[in-house]
Amino acid sequence: VRRRQFLVGALTGGTALMVGFRIGRARANPAPAASKRARFQPNAFVSVDEAGLVTVTLPKSEMGQGVNTALTQLVAEELDVDLAAIQVETADADPRYVYAGAQMKFMLTGGSSSTRTSWLPLREAGAAARALLVAAAAAAWKCAPSEIHTESGKLLGPHGKQASYGEFVRAASDMQGKQPGEIKLKEPAQWKRIGKPLARVDVPAKVDGSAKFGLDLQLPGLLTAVVERCPAFGGRVAKLDASKAKAVKGVRHVVEIASGVAVVADGYWPAMQGRKALEVSWDFGPNANLSTSGLEKTFDEALAKTGAVARHQGDADGALASAKKKVEATYRLPYLAHSPLEPLNATAKIDAAGCHVWAPTQAQTFSQQVAAKITGLPLEKIFVHTTLLGGGFGRRGETDFVAEAVELAKATKSPVKVVWSREDEIQHGFYRPMMTTRISAALDASGMPIAWRQRIASPSIFQRVLPQFIQNGLDRTSVDGSGADMPYGIPNVHVDCVQMDVGVPVGFWRSVGHSSNGFATECFVDELAAAAGMDPVAYRRKLLADKPRERALLDLCAEKAGWSKPLAKGRTRGVALHGSFGSLVAQIAEISVENKAIKVHRVVCAVDCGPVVNPDILEAQIQGGIAFGLGPTLKSLITLEKGRVTQSNFHDYEVLRMAEMPHVEVHIVPSTEKLGGIGEVGVPPVAPAVANAVFAATKKRLRRLPLSSAWS
Amino acid sequence: MPITLDINGKKRVVDVSPETPLLWVLRDTLGLTGTKFGCGMAQCGACTVHVGGAATRSCVLPVAACAGQKIVTIEGLAQGPTHHPLQQAWIEAQVPQCGWCQSGQLMAAAALLQRTPHPSDADIDDAMSGNICRCGTYERIRLAVKKAAGGGK
């Protein structure tokens, strides 16, 4: 299958050679000088021009996680080119950029999957390009390809023969359609770029203000739109008087669209002034009475229902019925907004060629589909250009902001950039689902669990976005990280999930179900250790008797954190171990508590994610994951009153700030395990590690997030 | 009525309503998009610029209040072709992830170093806690500020 992809790519390479410039592609760092030069494009991902400039076109969005660097390292390794000689761009929506054989049949950046899914195809893409260049040089130099070596964009042949890649671009292109021969990837021992902390390619433009994000896009005649949406989910416009809004200087149009009332103006400020002048009365719809207190009751009641079975092993009910010692606890987690710092936005323009969309998006294919539906144009006439993303965290995998831009470009016959205010983003999200779970365990005489029974009450994300992924009534994202897939060896386990359908939109939030279930699982294991009178690390080790990889990771974390050593006065530690997205992470948090105020001083983290592409980016992702998880651990939450979100901006939807950032130490286990994800895996363990440290400090179990809301 | 602004050492004349926040004049009127929008109510620091030498949230500052004052944005932080020491330190420490907040972080840090050339951790936390980074680059920012402060001795 993969071979076919290369052959197809080689054929299109011929076109690329002649055209040399693809119209409509938004480059992160354009190099116009390169545009007229002949180039060799053996596959969709790599091209080399006559001057030796390599362009790597990635199917993944750069949202801070470092794909523009790490994925380029994969190509560069096999192509033997330095990152400095490479221009990186993000591919437009195009089926050629869905990896052959991929699970996801669409372009999407998510699920901590970018490096994992690119690991083989991007190295092969680099190797295939190199093989053709070598073959072209071998033909010219009348030697065997095996006599030619490559190094930093140079071909080195016998008798001192030497050429740059650029010199063989035309010859290599003439070999189009020919099999590059057996592609042999380098052995790990030969790697010069994979595994090295190479500097990020996007950093220089991000320190001088020149990096272009979606919100920074400028086009001739571009108008800016803001949208007034019904405060309650599922409501609609009952009556609209736009006369005052239209009278605001700079306002061009007021348009009713599916999501609300749009004010389209010369810029953001006049658009907002026009929006404030709108007179709208709303039909608040079926969810107008939703409140967090009511929802908590509904979720608690759901724990009495029977759910879709996520795991059934042995006889948990029987073991619990006859157990001498039982432990039971209920954990409650709130809705959370994503709040990437770049406000949501998208730009659309419809012209004779079709519909152009420029968006900071994680979801190119879905954006293309939604634009096709609105415009009635075929997919081939929808051009989705991905800009840099000012954060994503799952929110930019949605297409609501893209749909608005396309609707407005169509209605106003002008290019339109739709911009969400921070209030819009916090109050009209696809939230991390609220979740309540109860776990019961039976302990044997030595205090070890012989049964784990868990019920989870959670809304489903897949029900809205990918209903085909729901199997036997179960959305796996609702149970990920729970007793359904915990690493611990317990003979009798039953986990089920009651799907809650309560009218609040939910979506993928960095680490998804792992972020909530990880809290419950790792807090509960800690409760079991306490019930057994055992040290939390020693207890987990005993439960991991058959899991050497997990045990080794926990040991490393404990050693680096000085788990067995005394702490400064007033400090305590808590531990958590969590596997997600193919990687394992252990964290030990060191905290102090004063008047119920929790201060996290230090988090020691051990990671086993298989081979590492860029250890510096890995460290940054773990630091970032811990910061992202710590806000909701300590203080972030979304609540509802009268069907609407109570919070509106960063003064009441509080996120982690500088003074609250602990010192984070990251220890990477040298590993030959299967490659795992890294963008999300740092998030789940931090909340339970901190909560368990709070127990060590206060003997109080805080079973609700954020912890600030859990003291009673 | 036209308003004359001094931005990065250049005179710029804009004709906008006087209550328009400086942020939107920079971004929408003048095309200086290095200064970022994050919250619109001085809660996140993404829009931080220097006005009269002080770190200022441009999203809530009416443009009329800026007339006659020296305004410096991220585009003018480096004087000449070389980076400001903080930008250099940011690159060395590989601070940015998504990068959206970093213009504001750098402008806040530059104002801090002008006041306090050798800041302690607490000084940095105090001066920088108004600048949100959702990617969690805080620890690297601390490192980079100290690196720049040390290098500037």
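All chains are named by letter (A, B, ...) in the order of the sequence lines, taking the proteins before the strands, and each is independently numbered beginning at 1. This structure is a prediction, so every number in the text was calculated from the model and none was measured. Heavy atoms only: backbone and side chains are in, while hydrogens, waters and symmetry mates are out.
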Using side-chain heavy atoms (C-beta onward) and a distance below 4.5 Å, is [X] in contact with [Y]?
X	Y	value
A/F650	B/I132	yes
B/D28	A/Y268	yes
B/R27	A/L215	yes
A/P204	B/W90	no
A/L389	B/C98	no

I need the minimum non-hydrogen distance between [X] and [Y], along with the two atoms involved.
X	Y	result
B/E139	A/V664	OE1-N, 3.0 Å
B/H83	A/V207	NE2-CG2, 4.3 Å
A/P343	B/W100	CD-NE1, 4.0 Å
A/W420	B/F37	O-CE2, 3.9 Å
A/G209	B/S103	CA-OG, 4.1 Å
A/F213	B/G99	CZ-C, 3.9 Å

Judged by atom type as modelled, is there a donor-acceptor pair below 3.5 Å linking the side chain of [X] to the main-chain atoms of [Y]?
X	Y	result
A/E342	B/G38	no
A/K206	B/Q97	yes
B/R134	A/L341	no
A/D208	B/E75	no
B/Y138	A/G624	no

Inset, instruction - Apply salt bridge (Lys or Arg N to Asp or Glu O under 4.0 Å) to A/R657 and B/D125, showing your working. - result: CA-CA 9 Å; A/R657 289 178 182 272; B/D125 285 356; over 6 Å; no
Legend entry - Pair A/K249-B/S17, side-chain donor/acceptor within less than 3.5 Å: no
Measure [X] against the heavy atoms of chain B and call it side chain, backbone, both or neither at under 4.5 Å.
X	answer
A/E423	side chain
A/P662	backbone
A/H338	backbone
A/M661	both

[options]: which one forms the most heavy-atom pairs within less than 4.5 Å of chain A?
options	value
B/C44, B/C39, B/G31	B/C39
B/G40, B/G34, B/P21, B/A122	B/P21
B/Q87, B/E19, B/Q94, B/K36	B/Q94

Legend entry - Region of B/T20 in contact with chain A, defined by heavy-atom distances below 4.5 Å: both
Legend entry - Side chain, backbone, both or neither of B/I91 within contact of chain A (heavy atoms, under 4.5 Å): both
Inset, instruction - May I have the step-by-step check of side chain to side chain contact (heavy atoms under 4.5 Å, CB included) for B/N131 and A/M658, ending in yes or no? - result: CA-CA 8 Å; B/N131 289 75; A/M658 171 84 81; over 6 Å; no
Legend entry - Salt bridge flag under 4.0 Å for residues A/E619 and B/R140: yes
